[in-house]
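Position 1 is the first residue of the sequence; numbering continues from there.
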Amino acid sequence: MPSTLRITGLATGLDVDNMVKQLMQAEKTKVDKVKQDRQIIQWRQDLYREIINDLNTFKRTYFDILSPEKYILSSNSLSPYSVNMSSATSSVKISATSNARVGQYEIKDITLAQTAKAQSDNIDNINSTVNSNGSFTIEYNNVSTITINYNENTTYKDIINTINTESKGQLKAYYSEITKKITIETVKTGNDANIKITGESNILGINSGYENNGVDASFYIKVPGAQDYTLVTKPNNTFTIDGLTFTLNESVTDTIKFSIGVDSKPVIDKIKEFVEKYNELIDKINKKLSEKRAYSYKPLTDDQKKEMKEDEIKKWEDKAKEGLLKGDSILQSLVYNLRQAFFEPVKDVGITLQEIGLSTSSDYTQKGKIFIDESKLKNALENRPQDVLNLLTKSSSISYDPNKTYTARSDRNSELGIFQRIKDILEDNIRTTRNSSGKKGLLLEKAGLKGDYSEFNNLLYKELQQKDRLIDELNKKLFDKENKYYQQFAKLEKAMQKYNDQAAWLSSQLGAMFK
């Protein structure tokens, strides 16, 4: 409200400012009421966003494939098998899945898979021009061909860029300042990788008809119980065979021994940690849903805050925030769906939640929290590891799509493992991408997410804008009414001043008569 300097009460002796303030109190109460309503909406939005942030943290921690240490949906993360190397080596990295066979292994004579490549003669400056006109053709992987045209204005750098662009990522051309050579190689490795160059390629110092093939990765392996080694060949340096994932890092002739054993403890610890964080989420949401509303604690007005200390204000507002999400339909649906994710059977897995020691509490007040019987879980992991993995992380042939029909979504859900279902439910509620109707996740549509477009485009933000407009309108009316009161008192002052002037004149006249 604009500030105006007024000098009042000179003629009447009245405390006009105080009288106007009292007259305006009823009007100001209307503004305070709307401000209180706005504050409640703001608090509700803040509470929603706290839950959104918690759900996002949970999702990033356990459902982000780029964070392999915590990623809960990978077969490696829930495999009870451990790999023990007989000696430290950087030549090969080995991990075991649930299909691995327990026992002693040996591998030797590791050869890395290689790309097919061609190399130019020495080139001192890749920015220099080739000073020639012509073309050459590169055939690669026996199926694709690109033609490189050049003229006297073409630089060697232009040729490199053309190869990389025209091959659409299937070839990689680069220049080394150390060797002074241009290398052209396939991204693909193995025997099926091939480069053949024909045409006027002498500008690179490569003869027409040059051909080179890639090399398969290979090693010899002795599996548990075998007397002899078996040759293994693969086109890549990372591959999985018989439940073992190998990452080959260098070619060596040494014999490397390792053993596969069963160690369910790390997997149990991962599942326990996941369930603990999940239960914390469920508990926090349930408390918000069941919290009683403290109706007698309304948001404080500015005048009330002036009479209170900071810690008193905080305590009051904490109490006033209680119960603002009580019975919220979106959060109730979220909790219900999470609970159903555990209850509904997973299609074609051959094992139940109870058999692996996971269950929901029969205590209604726990509302969906998960409890673990570690002995059952340990037994299931050590005797039926693949079944446990399927129950928890099985994927569906139907991809996640918020636009799918109820039937399609139901079919997908029946095929999904429990942890995969939880991921879908999180997507439904905090998804930042839009469906065909332009809608994001349910909670983002309701309260928005800071840093996202939804921060200023959600239902509660629109309610806040409506309250702001109403407050502005009421403040304008308040200002106009206050001016009206002051104008009325000003008229009274004017009339009183006129009366005072007349009384003073009369008094002076009477005084003159009796002298």
When the aromatic ring centroids of Tyr156 and Tyr150 are compared, is their separation below 6.0 Å?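 No, they do not, as the ring centres are separated by 6.0 Å or more.
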
Can the ring centres of Tyr62 and Phe419 be said to be less than 6.0 Å apart?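 Between Tyr62 and Phe419, the centre distance exceeds or equals 6.0 Å.
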
Verify the distance criterion only: is there a donor paired with an acceptor across the side chains of [X] and [Y] at less than 3.5 Å?
X	Y	answer
Asn435	Asn403	no
Tyr220	Glu106	no
Gln119	Thr183	yes
Ser399	Asp401	no
Asp158	Thr155	yes
Asn458	Glu445	no
Ser91	Glu250	yes
Asp452	Ser454	yes
Asn141	Asn194	no
Asn133	Glu152	no
Asn279	Asp283	no

[Y] and [X], any side-chain heavy atoms less than 4.5 Å apart:
X	Y	result
Arg431	Tyr400	yes
Thr245	Thr97	yes
Ile195	Leu171	yes
Ile110	Val92	yes
Asn337	Asn429	no
Phe371	Asp373	no
Glu415	Ser397	yes
Leu389	Leu391	no

Side-chain donor/acceptor of [X] to backbone N/O of [Y], under 3.5 Å:
X	Y	value
Asn212	Lys117	yes
Asn457	Tyr453	no
Arg101	Pro224	yes
Asn207	Tyr210	no
Thr405	Ala408	yes
Glu291	Glu322	no
Thr189	Pro235	yes
Gln420	Leu416	no
Thr393	Asn390	no
Arg434	Gly441	no

Atom [atom1] of [X] with >12 non-hydrogen neighbours under 6.0 angstrom:
X	atom1	answer
Lys188	NZ	yes
Tyr174	OH	yes
Ile65	CD1	no
Asp242	CG	no
Tyr406	OH	no
Lys277	NZ	no
Lys180	NZ	yes

Evaluation steps, salt bridge (Lys or Arg N to Asp or Glu O under 4.0 Å), between Lys108 and Asp254: CA-CA 6 Å; Lys108 65 178 183 178; Asp254 299 343; over 6 Å; no

Reported [atom1]-to-[atom2] distance for the pair [X] and [Y], which is rounded to 0.5 angstrom:
X	Y	atom1	atom2	result
Lys440	Thr432	NZ	OG1	6.0 Å
Asn131	Thr154	CG	OG1	10.0 Å
Ile94	Ile260	CD1	CD1	7.0 Å
Asp109	Ile256	CG	CD1	10.0 Å
Thr240	Lys234	OG1	NZ	9.0 Å
Lys326	Ser290	NZ	OG	6.5 Å

Is the Phe58 ring parallel, tilted or perpendicular to the Phe274 ring (thresholds 30°, 60°)?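 Tilted.
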
ring-ring contact (aromatic ring centres under 6.0 Å, His included) pairs, two or more places apart, involving residues 83-141: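 Listed once each, the pairs are Tyr105-Phe258.
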
With sequence neighbours excluded, residues passing ring pair (Phe, Tyr, Trp, His ring centres under 6.0 Å) with Tyr175: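 By the ring pair (Phe, Tyr, Trp, His ring centres under 6.0 Å) rule, Tyr175 matches no residue at all.
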
Test side-chain hydrogen bond (donor to acceptor under 3.5 Å, both in side chains) applied to Asn122 and Lys181, step by step: CA-CA 5 Å; Asn122 285 0; Lys181 296 179 186 295; 3.1 Å; yes

Salt bridge flag under 4.0 Å for residues Glu382 and Lys378: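 Yes, Glu382 and Lys378 are salt-bridged.
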
Should Arg412 and Asp424 count as an ion pair when the cut-off is N to O under 4.0 Å?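 Looking at Arg412 and Asp424, the cut-off is met.
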
What are the two closest non-hydrogen atoms of Ala447 and Leu460, and how far apart are they?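 Answer, listing the atom of Ala447 first, then Leu460: CB-CD1, 4.1 Å.
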
Under the ring pair (Phe, Tyr, Trp, His ring centres under 6.0 Å) criterion, do Phe239 and Phe246 qualify, and how do the steps go? CA-CA 6 Å; Phe239 53 88; Phe246 295 89; 5.8 Å; yes

Could you check Arg409 against Asp428 for salt bridge (Lys or Arg N to Asp or Glu O under 4.0 Å), going step by step and ending with a plain yes or no? CA-CA 11 Å; Arg409 288 170 67 86; Asp428 289 341; 2.8 Å; yes

With Asp54, which of Arg60, Arg49, Lys284 fulfils salt bridge (Lys or Arg N to Asp or Glu O under 4.0 Å)?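 Among Arg60, Arg49, Lys284, the one that satisfies the salt bridge (Lys or Arg N to Asp or Glu O under 4.0 Å) with Asp54 is Lys284.
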
Over-ring placement of Lys222 relative to Tyr229, 6.0 Å and 45° cut-offs: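 Lys222 over Tyr229 ring: yes.
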
Result block: side-chain N/O donor-acceptor pairs under 3.5 angstrom for residues 345-355, not counting sequence neighbours:
from: Thr352; atom 1: OG1; to: Glu355; atom 2: N; distance (Å): 3.2
from: Thr352; atom 1: OG1; to: Glu355; atom 2: OE1; distance (Å): 3.1
from: Glu355; atom 1: OE1; to: Thr352; atom 2: N; distance (Å): 2.8

